[in-house]
Amino acid sequence: MEYNHRDIESRWQQYWRDNKTYHTEIDPARPKYYVLDMFPYPSGAGLHVGHPLGYIASDIFSRYKRLNGFNVLHPMGYDAYGLPAEQYAIQTGQHPEVTTFKNIDRYRSQLDKIGFCYDWDREIKTCAPEYYKWTQWAFIKMFESWYDNSARKARPISELEAHFAKEGTAGVNGACSRELQFTADEWNAMDEKAKSDVLMNYRIAYLGNTMVNWCPKLGTVLANDEVSEGLSIRGGYPVEQKLMYQWCLRVSAYAQRLLDGLDTIDWTESLKETQRNWIGRSEGAEMRFAVAGRDDIELEIFTTRADTVFGVTFMVLAPESAYVRQLTTPDREAEVAAYLDAVKHKTERERMIDKKVTGVFTGSYAINPLTGKEIPVWVSDYVLAGYGTGAIMAVPAHDSRDYAFARRFDLPVIPLIEGADVSEASFDAKEGVMINSAGPELDLNGLTVKEAIAAAKKFIAEKGIGRVKVNYRLRDAIFSRQRYWGEPFPVYYKDGVPHMLPENQLPLLLPEVDKYLPTETGEPPLGRAKNWHTADGYPLELNTMPGFAGSSAYYLRYMDPRNDKALVSPEADAYWRNVDLYIGGTEHATGHLIYSRFWNKFLYDLGVVVEEEPFKKLINQGMIQGRSNFVYRIKDTNTFVSAGLKGDYDTTPIHVDVNIVSNDQLDLDAFRKWRPEFATAEFVLEDGKYICGWAVEKMSKSMFNVVNPDDIVERYGADTLRLYEMFLGPLEQSKPWDTNGIDGVNRFLKRFWGLFFKGDNWLVTDDAPSPEALKSLHKLIKKVTGDIETFSYNTSVAAFMICVNELYQLKCHSRAILEPLVVVLAPFAPHIAEELWHALGHDTTVCDAQWPAWNEEYLRESAVKYAVSFNGKVRFSIEVPADTPADEVEKLALGHEGAAKWTEGKTVRKVIVVPGKIVNIVVG
RNA sequence: GCUCGAAUGGUGAAAUGGUAGACACGAGGGACUUAAAAUCCCUUGGCUAUUGCGGCUGUGCGGGUUCGAGUCCCGCUUCGAGCACCA
């Protein structure tokens, strides 16, 4: 029998399906292990070879854990709500569900061919009502909760209501949109609408009038992580800022816990750092500045540099700040209004690109609390409304933005740090010794910046002009989308006040609409749905939830996917707990991976889940880029010149389909057939071949560099694809797909097969294995066991190749060697392993075998070669029996004729023997 | 600007502080074959010597620690990633 991957792979895939080999149940007798891939959005283009990289890695790990006796949960599903299906629906009128399900089928058939050990009985789709019921449920729970900063957890909103009725806001330390103060009597006197507004200020899921990223082209708002440099991530359309009444999630309440939690999980440092940046904690002080001639208003600002108050020479307000209206004096009114108007008409992108310094004076003066001096208050768009208080104290000497502003409008610059030259630029570094920093009550001169910050903060707090404050960059997540293809909100409105549907009415099904476009009156597509109201006629919410809603808790649903009583039963949650290993791309660092952690912490506060962090260990697989091929057409001809000779001609490079190129050599006939205009192509060859040029680019249809895993599986087999993707390089690194090396891996599998069969002859014997063969095997087991734990799969594949080569040289066909070898290979190449496992006479699946242990006995060397170095330089080597003690080795080394030569006339100061490796002779 | 990574042959890459370049691709040479494919064997960092089977050099650059540094420390360069008028 030759190694026939087509026959072997389809047969065993069928067997695993029929026997439910990968079906998983709770089993208290065995330890659990949960391995998860980031589930895909099923796009119309299908999978390319880059997608399975992470899936293969997690599959190997799952199989390895199973062989080691763990009860492994390894599920897969689909993140099925998304913009592309809806955009397609708008164009074609086809229901997004139809295209989504079609794409899911395609994905499934592609995944099935690679031989993954998913438990498909646990498959989920985020667009299925029995799934999104629990997305809606979680939303209701968030609506019915507030975040208690003192207890550092979410609590039922009913407790807050009870507190208000008894004591008003006294003693309440809740995360909120605005600080409120009222008494119990005032609360009790409020009508239902007023109470609703107050509670909305505290709810974790709340309706808020917030500045949002509005994308006119997509007709929807977007979350911060869905926007980059003023453009939408999906589609790259311009995004503008707009004030809208939207559902939001109070993610910011969890900022500190999201930050602290990072220290408890095993993620890469770079990913943690990305999240830390995104959360953006900054410690500083909030300070109040009095306004000259005004008793009714104080200007509140946030600063991280409390030490620089003596250098404040002006104040700046964000154009959107409420202070602007309050502080503009009548004589400045016209000019300020003109400025605000000009700013308003710029998109955020224009504001970012246009670095021109602009601003306008309000006419008011604030009073520096430390010097008592009056300083002008300006308005400028370099101050952001959404961060801190929307107002800043400007210290031009030590902040480059303030410096630019001061220079533009001729405002004074007072240096505060010794030796800082501020004649050309500001000195922004947080180091040095303070000068010019003494006032009637506080003297910072002579202190270092660090000391001065602490002293100033202390003073500010004591004098009651401010307080120590921590600010976060992390914003609340905007949760409404003006789209059709998403989860409907379980919300109806009664007299303009939002109410949640009772739990027994979930799921609220997504209604049918005639078109997937906004209504004529500009309402979201759900405005077209017939009978979109409750049984008593109250209107339902028209927005739908964003893409990240369905992906935020999906890992919990896999634990108990068919439960219609709960998101996850306490039993299932207590057993599976959280994801032990999560594999996916870095692109979700500030989106899904923040939202999931937030969502999980919220459910943890509710007591629904037992673990506070959802993903214990996370590996980011690198992206697989495309490797494009080029042909070179000589200008104005239909003649193509091989890459090595193109320097002799004036040529234009043209992308050529990588599927008609093999090892950079062009298939000429296939090229002529590829496109009509090339049918008559002529070629200038080198050595009778046409060699293509190449470049690394994104894998995409337009570059003709998309490689479909189905083609690789068809030609080489899934086992080769799996091994090759792992062999390509370190898992976490991005790399171009390059089919050039795949033959080497395929050759290895054929050789492996050749240890068992030669033609139709069964070669395996019951001979006792030789010490050499045992050593080779145990070296491999040790190496692979260590590699899997550290995800160094590329070196594991190399180790397999070495081992098989050694067994070939030893002509070893001993069952005692080959049987464990099959088990060790099984996670990597499950089909061939299963085939050979059964050929060896087993009738159970190789998945239930026992991972072999290595035995150090077999690895012990009979003799050790020592390289002898002379002051660090290798001069000669000696070979001694393995168990020779160190001092004996030393004697032998010194007695060697080489040593005599090098130590002649010198004193031997010391001899270092490194076990098994080196003898180092130091002379003086 | 701040933060985090990375840099090793023609290529993808290996190397608990211990003989750098495992393994694979590519390239060159050879065997088998009418021929090709497939398979197998040898060579392959650079320079130098190949009529003694060796010598020199070498992990982005400059220092340092060490008997010994690709690996640790300090200072640069370049590339990649994240954040960014965030006060």
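In what follows, chains are A, B, ... by sequence order, proteins preceding strands, each numbered from 1.
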Item to check | Interatomic distance at P, U8(B) relative to C2(B), whole Å | outcome: 26 Å

Next on the checklist: Using the C1' atom as the point on both nucleotides, what is the distance between G26(B) and C53(B), in whole Å?
Outcome noted: 29 Å

Checklist entry - Taking only side-chain nitrogens and oxygens of R473(A), does any of them come within less than 4.0 Å of OP1 or OP2 of A84(B)? => result yes

Checklist entry - Could you write out RNA chain B as a dot-bracket string, with dots for unpaired bases, | for bases paired across to another strand, and Watson-Crick or G-U pairs counted at under 3.5 Å? => result (((((((..(((.....[....)))((((((.......))))))((((.....))))..(((((..]....))))))))))))....

Checklist entry - Between A69(B) and A20(B), how far is it from one C1' atom to the other, in whole Å? => result 12 Å

Next on the checklist: Give me the distance, rounded to whole Å, that separates G21(B) from C40(B) when you measure between the C1' atoms they each carry.
Outcome noted: 25 Å

Next on the checklist: Whole angstroms only, please: what is the NE2-C1' distance between H398(A) and C2(B)?
Outcome noted: 19 Å

Next on the checklist: So, does Q733(A) get its side chain near the phosphate of G80(B), meaning an N or O under 4.0 Å from OP1 or OP2?
Outcome noted: no

Next on the checklist: The criterion is side-chain contact (heavy atoms from CB on, under 4.5 Å); which residues satisfy it with Q275(A), sequence neighbours excluded?
Outcome noted: L262(A), W267(A), L593(A), I594(A), R597(A)

Item to check | Interatomic distance, L723(A) CG vs C25(B) C1' [rounded to whole Å] | outcome: 16 Å

Next on the checklist: Please tell me if K735(A) has a side-chain N or O lying less than 4.0 Å from either OP1 or OP2 of G12(B).
Outcome noted: no

Item to check | No-hydrogen, no-angle side-chain donor-acceptor test under 3.5 Å, D787(A) and T795(A) | outcome: yes

Item to check | Chi-based syn or anti call at G30(B), which uses purine or pyrimidine torsion atoms and a 90° bound | outcome: anti

Checklist entry - Who passes side-chain contact (heavy atoms from CB on, under 4.5 Å) against I460(A), sequence neighbours left out? => result M287(A), A306(A), I465(A)

Item to check | side-chain hydrogen bond (donor to acceptor under 3.5 Å, both in side chains) involving N805(A) - partner list, sequence neighbours excluded | outcome: R751(A)

Checklist outcome for this item: Sorted by chain and number, sequence neighbours left out, side-chain contact (heavy atoms from CB on, under 4.5 Å) with T785(A) holds for Y64(A), I781(A), W851(A), W854(A)

Checklist outcome for this item: R288(A) meets the side-chain contact (heavy atoms from CB on, under 4.5 Å) criterion, sequence neighbours left out, with E298(A), E300(A)

Next on the checklist: Say we look at U65(B) and G17(B): how far apart would their C1' atoms be, to the nearest angstrom?
Outcome noted: 12 Å

